[in-house]
Amino acid sequence: MADKQTRCKRCGKIVAAQEETPICVRCREKYLEDGARVREAVEQCGLKAHEDIAAFAGVTLDEVDILLNDPVIMKKRVLEERVCSRCKERPAQNRSDYCLVCRMELNKAFGDAARTLAQVIEREMAHRQKDETSRPTNVAATLDRKRGRATISKIDPTPRGRYSQ
């Protein structure tokens with residue numbers, strides 16, 4: 001039982017062990033409230049200086065740094081600030097590094113490349129088939145090809161009892 005318990009990183013209260021940072025319920029609620037006030041200071045009031053944000057939200061400068069770097073608290077802000085990796089002009093879409101225009105251009109380029117690749121493969125396959133049919137055939141090659149096509153379950157050409165005495 002002692003292995004599954006740990007102390008809260010903020011207040012020292014004993015809590016159940018968690019995969020993420022161990023924080024008790026009260027400290028977690030306070031952390032989320034502080035995060036909401038910091039996000040409000042940044043998004044609605046447009047504050048950028050850490051001192052101004054700390055004064056507005058009623059938290060310390062260290063907590064402001066932690067909350068601004070927390071992706072869960074600042075999720076909306078992080079998504080809005082991302083720009084397209086390709087054109088560096090338009091905002092990137094959710095769960096993507098590219099804007100819609102660049103994604104459409106990349107999809108078109110990938111489609112063109114796939115079509116070109118398919119045409120090259122078809123050409124090579126047709127060229128190989130021509131090479132196989134245009135080869136000079138000899139008796140051994142023809143026999144090998146026929147043996148490859150022949151079924152295994154052929155009737156025995158010398159039935160038993162045919163030449164009985």
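All values reported here derive from a predicted model rather than from experimental measurement.
Minimum heavy-atom separation, H50 to L61: O-CD2, 3.5 Å. Closest approach of A57 to V38, counting heavy atoms only: CB-CG2, 3.8 Å. In terms of heavy-atom proximity, R7 sits nearest to G12 at NH1-O, 2.7 Å.
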The test is side chain to side chain contact (heavy atoms under 4.5 Å, CB included); show your working for R90 and C102 and say whether it passes. CA-CA 9 Å; R90 295 176 287 274; C102 291; 4.0 Å; yes
Could you walk me through whether C11 and R26 pass side chain to side chain contact (heavy atoms under 4.5 Å, CB included), step by step? CA-CA 9 Å; C11 66; R26 243 186 311 160; 6.0 Å; no
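Once rounded to the nearest 0.5 Å, the distance linking CZ of F56 with CG of D52 reads 11.0 Å. Once rounded to the nearest 0.5 Å, the distance linking CG of D34 with CG of D70 reads 12.0 Å. Between the CD atom in E29 and the SG atom in C24 there is a gap of 9.0 Å [rounded to 0.5 Å]. Atom CG in D112 sits 11.0 Å away from atom CG in N107 (nearest 0.5 Å). In this structure, CD in E40 is found 9.5 Å from CZ in R37, a value given to the nearest 0.5 Å.
Clustering ILVMFWY residues whenever any of their side-chain heavy atoms sit less than 4.5 angstrom apart, transitively, puts L100 in a cluster other than the one holding V83. Hydrophobic clustering keeps I23 apart from I14 (ILVMFWY residues linked when any side-chain heavy atoms are closer than 4.5 Å, directly or through intermediates). In this structure, L32 is a member of the same hydrophobic cluster as V64, with clusters built from ILVMFWY side-chain heavy atoms closer than 4.5 Å.
Looking at heavy atoms from C-beta onward, L67 lies out of side-chain contact with I53 at the 4.5 angstrom threshold. Contact of the E105 side chain with the Y98 side chain is not registered, since no non-hydrogen atoms from C-beta on lie closer than 4.5 Å.
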